[in-house]
There are 2 protein chains.
Amino acid sequence: MKKPLSDPEESATDEAARAAWLYYVGGLTQDQIATELGVSRQRAQRLVSKAMTEGLIHVRLEHRIAGCLALEAELKRRFDLKTVRVAPRLGEGADPTHAIAPVAASVMERFLRQPEPQTIALGTGRALRAMVEELPKINCEHHKLVSLIGNISPDGTASNYDVIMRAADKLNARHYPMPLPVLLDDPEIRRSFYALPQLKIVALLAAEADVTFVGVGQMTESAPLYVDGFISAEDLREERALGAVGEIASWCFDSEGRYLESRLSRRVGGLRPGGREGAHTIGIAAGPEKVTPLRAALKGRLLNGLVTSEETVEALLA
Amino acid sequence: MKKPLSDPEESATDEAARAAWLYYVGGLTQDQIATELGVSRQRAQRLVSKAMTEGLIHVRLEHRIAGCLALEAELKRRFDLKTVRVAPRLGEGADPTHAIAPVAASVMERFLRQPEPQTIALGTGRALRAMVEELPKINCEHHKLVSLIGNISPDGTASNYDVIMRAADKLNARHYPMPLPVLLDDPEIRRSFYALPQLKIVALLAAEADVTFVGVGQMTESAPLYVDGFISAEDLREERALGAVGEIASWCFDSEGRYLESRLSRRVGGLRPGGREGAHTIGIAAGPEKVTPLRAALKGRLLNGLVTSEETVEALLA
DNA sequence: AAAGAATCCGGGCAATTGCTCGGTATGTGG
DNA sequence: CCACATACCGAGCAATTGCCCGGATTCTTT
């Protein structure tokens with residue numbers, strides 16, 4: 001009735017995958033899985049759960065909800081955008097980042113599926129990190145991933161949200177991280193960094209990118225830049241005094257969506273999102289605190305694409 | 001706390017999609033969904049279940065199990081195949097067709113994702129039908145779907161397993177069904193059908209197909225051709241006497257994988273799978289009763305690709 | 001080798017889910 | 001307008017699942 005596993009040395013992940021397959025595809029109960037695999041019911045449940053947390057299971061909804069489609073169309077029209085995707089609302093207290101991640105991943109996937117080599121520029125932040133987490137494994141050796149922003153934190157650790165590395169790992173793509181601190185206080189050092197040949201290559205690629213994905217940060221007290229310790233309370237105050245309401249890849253902009261020239265902007269280690277003529281620049285952001293910065297960024301045409309959540313669009317259009 | 005649906009006229013499917021989104025992506029409980037949507041818990045459960053049965057939810061396993069990969073490699077080597085995918089075993093009593101369907105769909109998806117126009121030929125049968133059912137919605141207006149086999153049953157109804165129509169519907173692709181009975185007893189009528197210009201177009205396309213997907217039928221008492229009433233017990237006996245062990249798109253072959261010339265073969269309304277030089281011809285079949293026909297088909301190189309199940313490969317290689 | 005830490009395992013329980021059943025609204029044909 | 005058929009709906013119950021806990025096992029460290 002039951003078969004002992006032919007290979008006793010099957011890895012734990014394999015076993016989890018097998019359990020998940022039986023559960024989600026086969027529709028077996030955990031008890032049946034346990035019998036099938038010759039383990040206890042509890043172990044079966046742990047395997048299924050493990051498969052889930054390890055991201056082995058991807059769930060996709062085939063149906064676009066009419067209400068969201070309408071919002072997409074309206075947003076596209078209002079701000080003259082090329083790409084818009086709106087994720088249906090999740091519960092009241094839910095993290096909006098979580099809601100948009102799978103949708104953002106599917107948008108990125110469309111570019112990744114292109115057989116023509118694409119250059120894809122990436123910012124950082126929780127939203128992008130979540131998006132990458134939702135990506136399936138695809139072989140993209142013909143594409144290039146470029147980072148827009150330095151990956152060295154003030155505390156010296158290499159990664160804040162190491163978006164590029166994770167993505168490159170999943171996609172098996174060439175990747176060009178930016179070997180640069182996020183902020184460089186000394187203009188002299190900054191200049192010398194920028195003079196590095198590797199950096200010039202990255203800058204060149206980013207300027208030719210076919211598509212750029214960026215998060216959008218607010219500049220309130222909960223500003224990600226500040227909360228994560230990249231800028232000081234002083235910096236934050238200063239930028240706000242200049243009218244900053246949001247930032248993209250650490251570049252602050254005002255309520256009209258104009259990038260600011262400031263003490264901070266002269267310290268940023270990174271590149272402004274741009275890309276070649278006609279390229280996509282897609283913002284990934286959702287949540288009440290993103291409404292003001294998003295509205296500004298859209299008004300100033302810093303973005304021509306957006307992935308966000310139902311609640312956020314409603315607020316944006318209100 | 002709860003919001004009434006902004007649009008009271010949201011369709012039932014939309015509501016189901018919303019419930020499923022909350023359940024699978026948001027991880028809410030059915031009670032929470034009920035509150036969120038302002039319906040009873042039972043309705044929430046029905047919506048989620050409906051989303052599932054309507055195929056709005058697609059589950060995909062990101063991890064290829066080592067054991068299956070090994071089997072694929074071995075099968076590929078043994079029969080010199082271009083494409084092999086092995087689905088992990090489901091429970092003892094499970095329908096193997098169900099197990100291979102999602103895997104087959106992902107193989108087909110790879111062709112569908114090609115931006116170059118593809119001509120895809122399709123046979124019929126339960127396995128293909130299940131595969132199509134698992135396809136996601138993709139826009140494939142640049143591809144062409146061609147049927148290899150007549151779609152008019154002996155009882156006059158238009159569809160046995162109307163694979164092409166379903167596929168074309170999901171993919172929005174040009175499709176060329178074969179307006180032909182599955183079997184034509186009168187040679188005269190057969191000739192005149194084949195002379196139809198529409199049919200010549202279909203034949204031309206099939207002969208140039210980039211990839212062909214076919215089921216593989218056994219020729220035992222449980223032969224699909226017989227069970228579904230396309231051939232008589234008499235026909236079956238006759239073919240078996242000639243050595244038939246299996247059939248592909250109604251074309252019987254013997255244990256060496258050679259197509260048979262017979263009374264039946266002269267009545268078949270359809271085309272042999274072929275396609276252009278170097279094209280893919282992929283069999284979709286699993287289950288103990290398919291082992292013998294599959295072994296023959298592979299030996300005779302009637303196929304150069306296969307999607308099947310773990311148990312089936314083990315039997316094939318034994 | 002022994003102590004300690006960490007992990008793993010299965011029992012048991014509470015929450016969640018799937019499903020059946022009887023009742024009610026809706027609609028349809030006479 | 002009534003009778004009948006159909007679909008929908010909520011209550012209640014049994015099965016399934018998620019998770020906590022004490023005990024066992026393995027690995028590390030001294």
Could you tell me the separation between the [atom1] atom of [X] and the [atom2] atom of [N], rounded to a whole number of Å?
X: I33(B); N: dG18(C); atom1: CD1; atom2: P; value: 10 Å
X: D31(A); N: dG12(C); atom1: CG; atom2: C1'; value: 14 Å
X: Y24(A); N: dT17(D); atom1: OH; atom2: C1'; value: 11 Å
X: L47(A); N: dC8(C); atom1: CG; atom2: P; value: 11 Å
X: R43(B); N: dG18(C); atom1: CZ; atom2: C1'; value: 17 Å
X: Q42(B); N: dT24(C); atom1: CD; atom2: P; value: 16 Å
X: M52(A); N: dC19(D); atom1: CE; atom2: P; value: 12 Å

Taking only the side-chain nitrogens and oxygens of [X], find out if one of them lies under 4.0 Å from OP1 or OP2 of [N].
X: S40(A); N: dG10(C); answer: yes
X: Q45(A); N: dT16(D); answer: no
X: T29(A); N: dT17(D); answer: yes
X: Y23(A); N: dT16(D); answer: no

Hey, are [X] and [Y] close enough for a salt bridge, meaning a charged N less than 4.0 Å from a carboxylate O?
X: R43(B); Y: E15(B); value: yes
X: D228(B); Y: R126(B); value: yes
X: R18(A); Y: E310(B); value: yes

Exercise. Test for a donor-acceptor pair under 3.5 Å between the base of dG10(D) and the side chain of R46(B), counting only N and O atoms.
Key: yes

Quiz item: Would you say the side chains of Q218(B) and S222(B) form a donor-acceptor pair under 3.5 Å?
Solution: yes

Exercise. Give one of base, sugar-phosphate or nothing for R41(B), where a contact means two heavy atoms less than 4.0 Å apart.
Key: base

Quiz item: Looking across every strand, which nucleic acid part, if any, lies under 4.0 Å from Q30(B) by heavy atom: base, sugar-phosphate, or nothing?
Solution: sugar-phosphate

Quiz item: Hey, does the side chain of E72(B) reach the backbone of V86(B) with a donor-acceptor pair shorter than 3.5 angstrom?
Solution: yes

